[in-house]
Amino acid sequence: MSNVPNIKLNNGVEMPQLGFGVFQVPDAETTAAVSAALHAGYRSIDTAALYGNEAGVGKALAASGLDRDELFITTKVWNSEQGYDKTLRAFDASMKKLGLEQLDLYLIHWPTPARDLYVETWKAFEKLYADGRVRAVGVSNFQPAHLERILDTGGTVPAVNQVELHPYLQQIEVRAFDAKHEIATEAWSPLGQSAALSDATITRLAKRHNVTPAQVVLRWHLQLGNIVIPKSVTPARIRENFDVFSFDLSAEDLSAIADLETGRRIGPDPATFNMR
Ligand SMILES: NC(=O)c1ccc[n+]([C@@H]2O[C@H](COP(=O)([O-])OP(=O)(O)OC[C@H]3O[C@@H](n4cnc5c(N)ncnc54)[C@H](OP(=O)(O)O)[C@@H]3O)[C@@H](O)[C@H]2O)c1
(Lines give C-alpha, C1' and ligand atoms only; values in the text may rest on other atoms or scores of the structure.)
Protein backbone atom coordinates (compact mmCIF):
# COMPACT_ATOMS: atom_id res chain seq x y z
CA MET A 1 0.00 0.00 0.00
CA SER A 2 1.41 3.37 -0.98
CA ASN A 3 1.30 6.37 1.34
CA VAL A 4 1.01 8.77 -1.58
CA PRO A 5 -2.22 10.76 -1.40
CA ASN A 6 -4.21 11.34 -4.57
CA ILE A 7 -5.21 14.78 -5.77
CA LYS A 8 -8.73 14.79 -7.19
CA LEU A 9 -8.57 16.66 -10.49
CA ASN A 10 -11.42 18.95 -11.60
CA ASN A 11 -13.00 16.13 -13.65
CA GLY A 12 -12.91 13.67 -10.74
CA VAL A 13 -9.85 11.73 -11.95
CA GLU A 14 -7.41 10.92 -9.13
CA MET A 15 -3.72 11.70 -9.66
CA PRO A 16 -0.94 10.68 -7.24
CA GLN A 17 0.49 13.78 -5.56
CA LEU A 18 4.04 12.41 -5.83
CA GLY A 19 5.35 11.07 -9.13
CA PHE A 20 8.61 10.51 -10.99
CA GLY A 21 10.08 12.73 -13.75
CA VAL A 22 12.43 11.62 -16.53
CA PHE A 23 13.63 14.88 -18.14
CA GLN A 24 17.21 14.57 -19.43
CA VAL A 25 17.31 10.82 -18.92
CA PRO A 26 18.56 9.16 -22.14
CA ASP A 27 16.09 6.65 -23.59
CA ALA A 28 18.48 3.75 -22.98
CA GLU A 29 18.70 4.60 -19.26
CA THR A 30 15.04 5.43 -18.81
CA THR A 31 13.78 1.86 -18.50
CA ALA A 32 16.10 1.19 -15.55
CA ALA A 33 15.21 4.48 -13.83
CA VAL A 34 11.45 4.03 -14.24
CA SER A 35 11.70 0.37 -13.16
CA ALA A 36 13.56 1.48 -10.01
CA ALA A 37 10.85 4.08 -9.36
CA LEU A 38 8.02 1.58 -9.83
CA HIS A 39 9.86 -0.82 -7.54
CA ALA A 40 10.16 1.90 -4.91
CA GLY A 41 6.38 2.45 -5.10
CA TYR A 42 5.93 5.38 -7.51
CA ARG A 43 2.91 4.93 -9.77
CA SER A 44 2.89 8.26 -11.61
CA ILE A 45 5.48 8.90 -14.35
CA ASP A 46 6.03 12.22 -16.14
CA THR A 47 7.61 12.22 -19.60
CA ALA A 48 7.27 14.29 -22.79
CA ALA A 49 7.72 13.77 -26.51
CA LEU A 50 10.64 16.21 -26.30
CA TYR A 51 12.52 14.02 -23.82
CA GLY A 52 12.94 11.28 -26.44
CA ASN A 53 12.38 8.59 -23.83
CA GLU A 54 8.70 7.65 -24.11
CA ALA A 55 9.76 4.25 -25.51
CA GLY A 56 12.03 3.68 -22.51
CA VAL A 57 9.15 4.55 -20.18
CA GLY A 58 6.86 2.17 -22.11
CA LYS A 59 9.31 -0.71 -21.76
CA ALA A 60 9.47 -0.25 -17.99
CA LEU A 61 5.67 -0.12 -17.75
CA ALA A 62 5.30 -3.30 -19.80
CA ALA A 63 7.95 -5.12 -17.75
CA SER A 64 6.50 -4.02 -14.40
CA GLY A 65 3.63 -6.48 -14.32
CA LEU A 66 1.49 -3.72 -12.78
CA ASP A 67 -2.12 -3.38 -13.88
CA ARG A 68 -2.74 -0.43 -16.17
CA ASP A 69 -5.20 1.11 -13.73
CA GLU A 70 -2.53 1.24 -11.01
CA LEU A 71 -0.43 3.58 -13.16
CA PHE A 72 -0.77 7.28 -13.96
CA ILE A 73 1.15 8.31 -17.07
CA THR A 74 1.68 11.86 -18.29
CA THR A 75 3.22 13.00 -21.56
CA LYS A 76 3.29 16.33 -23.39
CA VAL A 77 2.92 17.62 -26.94
CA TRP A 78 6.06 19.45 -28.10
CA ASN A 79 5.93 22.99 -29.46
CA SER A 80 6.65 22.02 -33.09
CA GLU A 81 3.56 19.76 -33.07
CA GLN A 82 1.04 22.36 -31.90
CA GLY A 83 -2.04 22.93 -34.09
CA TYR A 84 -5.14 20.74 -34.40
CA ASP A 85 -4.11 18.01 -36.84
CA LYS A 86 -0.46 17.92 -35.83
CA THR A 87 -1.40 17.47 -32.19
CA LEU A 88 -3.68 14.53 -32.97
CA ARG A 89 -0.83 12.90 -34.90
CA ALA A 90 1.70 13.69 -32.15
CA PHE A 91 -0.59 12.05 -29.59
CA ASP A 92 -0.76 8.85 -31.65
CA ALA A 93 3.04 8.82 -32.00
CA SER A 94 3.51 9.24 -28.24
CA MET A 95 1.00 6.49 -27.46
CA LYS A 96 2.75 4.11 -29.84
CA LYS A 97 6.08 4.74 -28.10
CA LEU A 98 4.54 4.38 -24.65
CA GLY A 99 2.71 1.22 -25.73
CA LEU A 100 -0.54 2.50 -24.21
CA GLU A 101 -4.15 2.50 -25.39
CA GLN A 102 -5.21 5.34 -23.11
CA LEU A 103 -3.16 8.09 -21.50
CA ASP A 104 -3.86 9.51 -18.03
CA LEU A 105 -2.76 13.12 -18.58
CA TYR A 106 -1.75 14.99 -21.75
CA LEU A 107 -0.19 18.44 -21.41
CA ILE A 108 0.58 21.28 -23.82
CA HIS A 109 4.30 21.55 -23.02
CA TRP A 110 4.67 25.34 -23.49
CA PRO A 111 2.25 28.04 -24.60
CA THR A 112 4.76 29.49 -27.15
CA PRO A 113 2.56 32.60 -27.28
CA ALA A 114 4.20 34.23 -30.32
CA ARG A 115 3.03 31.28 -32.43
CA ASP A 116 -0.53 31.66 -31.15
CA LEU A 117 -1.49 28.01 -31.63
CA TYR A 118 -2.33 26.92 -28.11
CA VAL A 119 -6.09 27.54 -28.34
CA GLU A 120 -6.24 25.42 -31.50
CA THR A 121 -4.07 22.78 -29.81
CA TRP A 122 -6.48 22.81 -26.87
CA LYS A 123 -9.35 21.97 -29.27
CA ALA A 124 -7.43 18.85 -30.29
CA PHE A 125 -6.95 18.01 -26.61
CA GLU A 126 -10.71 18.33 -26.09
CA LYS A 127 -11.29 15.89 -28.96
CA LEU A 128 -8.84 13.38 -27.48
CA TYR A 129 -10.61 13.73 -24.14
CA ALA A 130 -14.10 13.41 -25.67
CA ASP A 131 -12.95 10.30 -27.55
CA GLY A 132 -11.70 8.73 -24.31
CA ARG A 133 -8.09 8.57 -25.49
CA VAL A 134 -6.94 10.51 -22.43
CA ARG A 135 -8.45 10.67 -18.93
CA ALA A 136 -7.45 14.28 -18.22
CA VAL A 137 -6.01 17.19 -20.20
CA GLY A 138 -3.88 20.05 -18.98
CA VAL A 139 -1.15 22.52 -19.75
CA SER A 140 2.41 23.25 -18.74
CA ASN A 141 4.20 26.56 -18.30
CA PHE A 142 0.97 28.53 -18.73
CA GLN A 143 0.78 31.90 -17.06
CA PRO A 144 -2.58 33.38 -16.05
CA ALA A 145 -2.84 35.34 -19.33
CA HIS A 146 -2.47 32.12 -21.35
CA LEU A 147 -4.93 30.26 -19.14
CA GLU A 148 -7.43 33.10 -19.49
CA ARG A 149 -7.53 32.54 -23.25
CA ILE A 150 -8.31 28.85 -22.76
CA LEU A 151 -10.94 29.64 -20.14
CA ASP A 152 -12.49 32.25 -22.43
CA THR A 153 -13.33 29.53 -24.98
CA GLY A 154 -15.84 28.22 -22.44
CA GLY A 155 -14.74 24.63 -23.07
CA THR A 156 -12.85 22.18 -20.90
CA VAL A 157 -10.96 23.73 -18.00
CA PRO A 158 -7.37 22.37 -17.84
CA ALA A 159 -7.07 19.82 -15.03
CA VAL A 160 -3.41 20.57 -14.33
CA ASN A 161 -0.88 23.36 -14.89
CA GLN A 162 2.69 22.02 -14.60
CA VAL A 163 5.12 24.88 -13.93
CA GLU A 164 8.65 25.48 -12.67
CA LEU A 165 8.20 25.61 -8.89
CA HIS A 166 10.72 25.22 -6.08
CA PRO A 167 11.77 27.19 -2.98
CA TYR A 168 13.47 29.86 -5.11
CA LEU A 169 10.48 30.28 -7.46
CA GLN A 170 7.29 29.71 -5.53
CA GLN A 171 4.82 30.87 -8.19
CA ILE A 172 2.46 32.57 -5.75
CA GLU A 173 0.44 34.25 -8.51
CA VAL A 174 0.16 31.18 -10.74
CA ARG A 175 -0.80 28.97 -7.80
CA ALA A 176 -3.51 31.39 -6.71
CA PHE A 177 -4.90 31.62 -10.26
CA ASP A 178 -4.84 27.83 -10.66
CA ALA A 179 -6.58 27.33 -7.30
CA LYS A 180 -9.28 29.85 -8.16
CA HIS A 181 -10.11 27.91 -11.31
CA GLU A 182 -9.77 24.41 -9.79
CA ILE A 183 -6.64 23.70 -11.81
CA ALA A 184 -4.14 21.54 -9.91
CA THR A 185 -0.63 22.97 -9.79
CA GLU A 186 2.18 20.53 -10.54
CA ALA A 187 5.79 21.47 -9.75
CA TRP A 188 8.53 20.79 -12.27
CA SER A 189 12.16 20.94 -11.12
CA PRO A 190 10.71 20.61 -7.61
CA LEU A 191 14.24 20.36 -6.16
CA GLY A 192 15.40 23.34 -8.21
CA GLN A 193 17.44 20.75 -10.18
CA SER A 194 19.19 20.17 -6.85
CA ALA A 195 20.18 23.84 -6.31
CA ALA A 196 17.79 24.10 -3.35
CA LEU A 197 19.44 21.15 -1.58
CA SER A 198 22.51 23.04 -0.35
CA ASP A 199 20.50 26.03 0.85
CA ALA A 200 21.31 26.91 4.48
CA THR A 201 17.65 27.07 5.56
CA ILE A 202 16.83 23.75 3.91
CA THR A 203 19.85 21.99 5.42
CA ARG A 204 19.03 23.44 8.86
CA LEU A 205 15.47 22.08 8.63
CA ALA A 206 16.78 18.73 7.38
CA LYS A 207 18.96 18.44 10.48
CA ARG A 208 16.10 19.44 12.75
CA HIS A 209 13.78 16.76 11.33
CA ASN A 210 16.53 14.18 10.87
CA VAL A 211 15.75 13.85 7.15
CA THR A 212 17.59 14.88 3.96
CA PRO A 213 17.36 18.29 2.23
CA ALA A 214 15.47 16.70 -0.69
CA GLN A 215 12.93 15.26 1.75
CA VAL A 216 12.41 18.71 3.31
CA VAL A 217 11.79 20.31 -0.09
CA LEU A 218 9.42 17.56 -1.23
CA ARG A 219 7.55 17.67 2.08
CA TRP A 220 7.18 21.45 1.64
CA HIS A 221 5.60 20.90 -1.80
CA LEU A 222 3.22 18.27 -0.47
CA GLN A 223 2.12 20.44 2.44
CA LEU A 224 1.49 23.32 0.01
CA GLY A 225 -0.77 21.01 -2.01
CA ASN A 226 1.48 20.83 -5.09
CA ILE A 227 1.78 17.73 -7.21
CA VAL A 228 5.52 16.91 -7.43
CA ILE A 229 7.61 14.88 -9.87
CA PRO A 230 11.25 14.75 -8.70
CA LYS A 231 13.73 13.18 -11.11
CA SER A 232 16.67 10.98 -10.22
CA VAL A 233 18.58 8.20 -11.92
CA THR A 234 20.13 7.16 -8.60
CA PRO A 235 18.21 4.29 -6.95
CA ALA A 236 18.98 5.44 -3.37
CA ARG A 237 17.71 8.95 -4.16
CA ILE A 238 14.66 7.55 -5.95
CA ARG A 239 13.76 5.72 -2.72
CA GLU A 240 14.68 8.70 -0.53
CA ASN A 241 12.42 11.03 -2.51
CA PHE A 242 9.51 8.64 -2.00
CA ASP A 243 10.01 8.46 1.77
CA VAL A 244 8.42 11.78 2.68
CA PHE A 245 5.32 10.80 4.61
CA SER A 246 6.62 10.22 8.12
CA PHE A 247 7.26 13.82 9.24
CA ASP A 248 5.57 17.22 9.09
CA LEU A 249 7.03 20.69 8.63
CA SER A 250 5.71 23.20 11.16
CA ALA A 251 4.11 26.53 10.25
CA GLU A 252 7.41 28.15 11.26
CA ASP A 253 9.38 25.80 8.94
CA LEU A 254 7.01 26.61 6.07
CA SER A 255 7.43 30.32 6.62
CA ALA A 256 11.24 29.98 6.68
CA ILE A 257 11.02 28.31 3.25
CA ALA A 258 8.57 30.97 2.02
CA ASP A 259 11.36 33.51 2.67
CA LEU A 260 13.64 31.79 0.12
CA GLU A 261 11.77 33.17 -2.91
CA THR A 262 14.11 34.92 -5.36
CA GLY A 263 11.88 35.13 -8.43
CA ARG A 264 14.71 33.64 -10.50
CA ARG A 265 13.94 30.91 -13.00
CA ILE A 266 16.08 27.93 -13.96
CA GLY A 267 14.17 27.39 -17.19
CA PRO A 268 12.90 29.75 -19.88
CA ASP A 269 10.28 32.45 -19.35
CA PRO A 270 6.97 31.14 -20.77
CA ALA A 271 6.07 34.64 -21.99
CA THR A 272 8.99 34.70 -24.42
CA PHE A 273 9.88 31.03 -25.04
CA ASN A 274 8.81 30.16 -28.57
CA MET A 275 11.33 27.50 -29.58
CA ARG A 276 10.11 24.76 -31.89
N1 LIG B 1 7.05 20.92 -18.19
C2 LIG B 1 8.28 21.34 -18.29
O3 LIG B 1 8.59 22.27 -19.03
C4 LIG B 1 9.34 20.66 -17.47
C5 LIG B 1 10.62 21.20 -17.40
C6 LIG B 1 11.59 20.57 -16.60
C7 LIG B 1 11.24 19.42 -15.91
N8 LIG B 1 9.98 18.88 -16.02
C9 LIG B 1 9.59 17.63 -15.31
O10 LIG B 1 9.92 17.76 -13.92
C11 LIG B 1 10.77 16.67 -13.56
C12 LIG B 1 11.70 17.08 -12.43
O13 LIG B 1 12.45 18.23 -12.78
P14 LIG B 1 14.03 18.20 -13.07
O15 LIG B 1 14.43 16.87 -13.57
O16 LIG B 1 14.30 19.36 -13.95
O17 LIG B 1 14.68 18.56 -11.66
P18 LIG B 1 14.57 18.12 -10.12
O19 LIG B 1 13.69 16.92 -9.98
O20 LIG B 1 14.26 19.33 -9.36
O21 LIG B 1 16.07 17.73 -9.82
C22 LIG B 1 16.72 16.66 -10.44
C23 LIG B 1 18.19 16.71 -10.01
O24 LIG B 1 18.29 16.55 -8.59
C25 LIG B 1 19.09 15.42 -8.30
N26 LIG B 1 18.45 14.74 -7.16
C27 LIG B 1 17.25 14.11 -7.15
N28 LIG B 1 16.96 13.63 -5.95
C29 LIG B 1 18.01 13.95 -5.15
C30 LIG B 1 18.30 13.70 -3.79
N31 LIG B 1 17.44 13.03 -3.02
N32 LIG B 1 19.48 14.18 -3.30
C33 LIG B 1 20.34 14.86 -4.09
N34 LIG B 1 20.10 15.12 -5.39
C35 LIG B 1 18.95 14.67 -5.92
C36 LIG B 1 19.10 14.56 -9.56
O37 LIG B 1 20.32 13.84 -9.65
P38 LIG B 1 20.47 12.32 -10.20
O39 LIG B 1 19.44 12.11 -11.26
O40 LIG B 1 21.86 12.31 -10.72
O41 LIG B 1 20.28 11.43 -9.02
C42 LIG B 1 19.01 15.63 -10.64
O43 LIG B 1 20.31 16.19 -10.88
C44 LIG B 1 11.48 16.34 -14.86
O45 LIG B 1 12.13 15.10 -14.83
C46 LIG B 1 10.33 16.41 -15.83
O47 LIG B 1 9.54 15.25 -15.74
C48 LIG B 1 9.03 19.49 -16.79
Side-chain angles (χ1 to χ4, degrees), residues 15-27 29-30 32-34 36-37 40 42 44-54 56-57 60 72-79 82 94 98 104-112 118 138-143 146 158 160-171 174 178 184-199 202-203 206 211-222 226-244 265-275:
M15 174 171 185
Q17 195 181 2
L18 172 63
F20 183 72
V22 294
F23 179 43
Q24 291 175 325
V25 184
D27 194 38
E29 291 165 38
T30 298
V34 172
Y42 296 78
S44 169
I45 308 294
D46 181 87
T47 182
L50 177 77
Y51 303 169
N53 57 20
E54 289 167 313
V57 171
F72 191 101
I73 310 304
T74 301
T75 192
K76 316 182 189 87
V77 63
W78 183 241
N79 303 345
Q82 282 205 39
S94 285
L98 286 163
D104 296 289
L105 179 63
Y106 201 33
L107 303 177
I108 302 182
H109 205 146
W110 289 87
T112 60
Y118 62 83
V139 296
S140 178
N141 299 300
F142 273 47
Q143 296 178 314
H146 312 129
V160 169
N161 186 18
Q162 184 186 110
V163 294
E164 180 181 344
L165 204 177
H166 43 74
Y168 296 140
L169 187 78
Q170 301 188 15
Q171 299 275 23
V174 169
D178 288 351
T185 300
E186 180 172 20
W188 66 252
S189 296
L191 306 172
Q193 287 185 351
S194 80
L197 305 183
S198 49
D199 184 276
I202 301 294
T203 52
V211 296
T212 67
Q215 289 171 325
V216 167
V217 174
L218 294 171
R219 188 70 217 162
W220 169 77
H221 281 287
L222 295 170
N226 301 333
I227 298 167
V228 268
I229 43 169
K231 169 264 174 186
S232 176
V233 293
T234 315
R237 290 175 175 174
I238 292 173
R239 290 192 294 274
E240 172 187 325
N241 295 346
F242 198 70
D243 182 16
V244 288
R265 294 176 184 280
I266 299 171
D269 183 342
T272 52
F273 183 66
N274 293 294
M275 192 179 103

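Both ligands and their constituent atoms are indexed starting at 1 by order of listing. Computed from a predicted model, the values in this text were never measured in an experiment.
Using a distance-only test at 3.5 Å, with no hydrogens or angles considered, no donor-acceptor pair links the side chain of Thr185 to the main chain of Asn226. Listed for the Tyr42 side chain is no donor-acceptor partner under 3.5 Å among the backbone atoms of Ile229. Side chain of Gln171 to backbone of Glu164: a donor-acceptor contact under 3.5 angstrom is found.
Contact between Gly192 and ligand 1 is present, with at least one heavy atom of the residue lying under 4.0 Å from the ligand.
Contacts between Gln193 and ligand 1 below 4.0 angstrom, taking non-hydrogen atoms only, involve backbone and side chain alike. For Ser232, heavy-atom contacts with ligand 1 shorter than 4.0 Å involve the backbone as well as the side chain. Heavy atoms of Ala214 found under 4.0 angstrom from ligand 1 belong exclusively to the side chain.
In this structure, the protein non-hydrogen atom closest to atom 38 (P) of ligand 1 is Arg237 NH1, 3.3 Å. When hydrogens are left out, the protein atom nearest atom 3 (O) of ligand 1 is Asn141 ND2, 2.9 Å; that is the closest non-hydrogen contact. Looking only at heavy atoms of the protein, atom 28 (N) of ligand 1 is closest to Asn241 ND2, 3.0 Å. Annotation: atom 14 (P) of ligand 1 to nearest protein heavy atom, Ser189 OG, 3.6 Å. Closest to atom 20 (O) of ligand 1, if we only count protein heavy atoms, is Leu191 N, 2.8 Å.
Contact of the Leu107 side chain with the Val139 side chain is not registered, since no non-hydrogen atoms from C-beta on lie closer than 4.5 Å.
Residues Thr47 and Asn53 have side chains that bring a donor and an acceptor to within less than 3.5 angstrom of each other. For Thr212 and Glu240, the side-chain atoms include at least one donor-acceptor pair closer than 3.5 Å.
Considering each of His166, Glu240, Lys231, the one bringing a non-hydrogen atom nearest atom 27 (C) of ligand 1 is Lys231. In this comparison of Trp110, Trp188, Phe20, the heavy atom closest to atom 8 (N) of ligand 1 sits on Trp188.
Aromatic ring orientation, Phe23 versus Tyr51: tilted (interplanar angle from 30° to 60°). Relative ring orientation between Trp188 and Trp110 is described as perpendicular, the plane-to-plane angle rising above 60° on a 0-90° scale split at 30° and 60°.
Every atom of ligand 1 with a heavy atom of Leu197 under 4.0 Å away is listed here by number and element: 32 (N), 33 (C), 34 (N), 35 (C). Every atom of ligand 1 with a heavy atom of Pro230 under 4.0 Å away is listed here by number and element: 19 (O). Within ligand 1, counting atoms from 1 as listed, the ones closer than 4.0 Å to a heavy atom of Asp46 are 9 (C), 46 (C), 47 (O).
Remark: Asp46 does not engage Lys231 in a salt bridge, criterion side-chain N to carboxylate O under 4.0 Å.
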